[in-house]
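One structure below.
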Amino acid sequence: MIYLDAAATSPVRREVIEAMWPHLTGDFGNPSSHHEVGESARRALDAARADVARFLGCRPGEVVFTGGGTEADNAAVKGITAASTRGRHVVVSAVEHPAVLESAHHVARTGGALTVLPVDGAGRVDPADLEQALRDETALVSIQHANNEVGTVQPVADLAAVAAARGVPFHTDAVQTAGWLDLDVGALGVQALSLSGHKLGAPKGIGVLYLARRTPFEPLLHGGGQESERRSGTENVAGAVGLAAAVRLLDVDTASVVRRRDAFIERVLAEVPVARLTGHPTERLPGSASFVFPGRSGESILLDLERRGIVCSSGSACAAGSDEPSHVLIAMGLEPEVAQTAVRFSFGPHVTDDQLAEAVDALVASVA
Ligand SMILES: Cc1ncc(COP(=O)(O)O)c(C=O)c1O
């Protein structure tokens, strides 16, 4: 099998499992316990928090461990809006992951207001549109760092500067960019940011919400007051240790992945005449190549590729059994029939030229 679905998930790295193992076995304490077993777990959690803070260029106290990317996104959108003294208006882009989009709709359904910003044909938000959308009662802007379906990278620093000029907190979902793009929160100018362990070589079910000091925040989860009152629940110590180990290990030769991606895209477009690239041609995730095949069935292509040993995806977050076209491709102006022909190839740094060449050959045969 050639696995080209890294944007969906990736395996846990051996070093990460080794780092986690003691915290699932002998060193199993509850960080809130005051005996030595608990204190040891607390020290491990603190060290993990410090590592993630170094990765993001923030203070350890600004790192909140969550149960994954979806929870971090929900907490950012609902939690910051609920605590805002400005009002309950939220601004998001039309191409957000459902974890952000549905959270924003929840705010709107429960007495708030929502503006969904359009994107251009490449999936990018225009900072001028954001400027126009901001109101005195805007509590939060949430725009992703890069899109999970088409790989388009947003001009987050420019967008965050527009929000900052009006004193509005800015959240970015960086679940797809961690490991690929610089996530220094000071350089990005964001007050909140989401990460997910399982896109980085850590397990599923652990994530991070970066929350800048003094950002208004009402927790989603109430209880024992863990994570400095921002996320109650006994901490997933092993998960946090694993996520920290995964970020310490990140060392991707981005330029070489970009070279391989571009060669792959070029060959697909040359050898499969019906293929059209979706997303931005250059401002895209290094390991992401997404296409539509007008007039063909995306699902048949996927099934045929899998029979040939190539595992990839439609890229759309549609629920099982639903054949709704991707909201991302529709927002980018594609016809629903064309959007339904999407196929996404996404890969990590260890993909080889031979594997990518084999994938192109299989695609040529599948689409023929
Ligand atoms: C952009 C983006 N945001 C959020 C999530 C959700 O993260 P998790 O799977 O950790 O809940 C994903 C996962 O696919 C994603 O791609």
Side-chain angles (χ1 to χ4, degrees), residues 3-12 16 52 63-79 92-106 119 123-125 142-154 156 159 171-181 183 188 190 192-210 220-221 231 233 236 239-240 242-243 246-247 278-280 283-290 311-320 326-329 331-332 342 344-348:
Y3 183 75
L4 300 179
D5 201 12
T9 197
S10 47
V12 180
V16 168
V52 174
V63 172
V64 181
F65 287 111
T66 67
T70 297
E71 186 192 322
D73 284 345
N74 271 259
V77 174
K78 297 177 190 168
V92 302
S93 85
V95 296
E96 295 303 310
H97 186 274
V100 166
L101 213 45
E102 293 306 316
S103 295
H105 280 294
H106 171 84
V119 293
R124 290 192 116 201
V125 175
S142 178
I143 299 176
Q144 63 194 190
H145 199 191
N147 185 266
N148 47 302
E149 295 184 32
V150 297
T152 297
V153 177
Q154 298 291 346
V156 165
L159 293 162
H171 165 254
T172 193
D173 175 340
V175 165
Q176 288 292 336
T177 47
W180 293 115
L181 305 183
L183 288 189
L188 289 172
V190 300
L193 176 146
S194 304
L195 295 180
S196 172
H198 73 101
K199 314 285 181 176
L200 294 168
K204 297 162 184 65
I206 182 75
V208 162
L209 172 64
Y210 154 73
L220 283 189
L221 300 184
R231 201 276 189 183
N236 176 359
L243 190 143
V247 299
T278 55
H280 199 283
E283 295 299 318
R284 62 185 304 131
L285 284 170
S288 172
S290 52
V311 177
C312 52
S313 82
S314 67
S316 129
C318 62
S326 145
H327 70 285
V328 172
L329 296 176
M332 288 164 55
R344 174 190 71 187
F345 302 87
S346 56
F347 38 84

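When a ligand or atom number is given, it counts from 1 through the structure's own listing order. Numbers here simply count residues along the sequence, with the first being 1.
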Closest approach of Gly279 to Thr152 (non-hydrogen atoms, all atoms of both residues): CA-OG1, 3.3 Å
Atom indices of ligand 1, in the order listed, that fall short of 4.0 Å to a heavy atom of Asn148: 1 (C), 16 (O)
Output the distance between atom CD (Glu71) and atom OG (Ser196), rounded to the nearest 0.5 Å. 11.0 Å
Could you see which bit of Lys204 sits under 4.0 Å from ligand 1, with heavy atoms only: side chain, backbone, both or neither? neither
Which atoms of ligand 1 have any heavy atom of Gly68 under 4.0 Å away? 10 (O)
Under 4.0 Å from a heavy atom of Asp73: which atoms of ligand 1 are those, numbered in the order shown and with their elements? 3 (N), 4 (C)
Identify, for atom 14 (O) of ligand 1, the protein heavy atom at the shortest distance, and state residue, atom and that distance. Lys199 NZ, 2.6 Å
Applying salt bridge (Lys or Arg N to Asp or Glu O under 4.0 Å), can you list everything that pairs with Arg284, at least two apart in sequence or on another chain? none
Heavy-atom pair with the smallest gap, counting every atom of Gly207 and Leu243: CA-CD1, 4.0 Å
Nearest to atom 10 (O) of ligand 1, what protein heavy atom do you find, and at what distance? Ser196 OG, 2.6 Å
Between Asp173 and Ser194, does any side-chain donor sit less than 3.5 Å from a side-chain acceptor? no
Please write down residue, atom name and distance for the protein heavy atom closest to atom 9 (O) of ligand 1. His198 NE2, 2.8 Å
Could you check atom 16 (O) of ligand 1 against the protein and tell me its nearest heavy-atom contact, residue, atom and distance included? Gln176 NE2, 2.8 Å
Do Ser326 side-chain atoms and Leu329 backbone N/O form a donor-acceptor pair below 3.5 Å? yes
To the nearest 0.5 Å, what is the distance between OG (Ser314) and CZ (Arg344)? 7.5 Å
Just by distance, no angles: are the side chains of Ser142 and His171 close enough, under 3.5 Å, to form a donor-acceptor pair? yes
Any side-chain donor-acceptor pair under 3.5 Å between His145 and Thr172? no
What is the closest protein heavy atom to atom 15 (C) of ligand 1, and at what distance does it sit? His97 CD2, 3.3 Å
Distance-only N or O hit between ligand 1 and Ala8, under 3.5 Å: no
Note the single closest protein heavy atom to atom 6 (C) of ligand 1, along with its residue, its atom name and the distance in Å. Thr70 OG1, 3.4 Å
What protein heavy atom is closest to atom 8 (P) of ligand 1, reported as residue, atom name and distance in Å? Gly69 N, 3.6 Å
For atom 3 (N) of ligand 1, what's the nearest protein heavy-atom neighbour? Residue, atom name and distance, please. Asp173 OD2, 2.6 Å
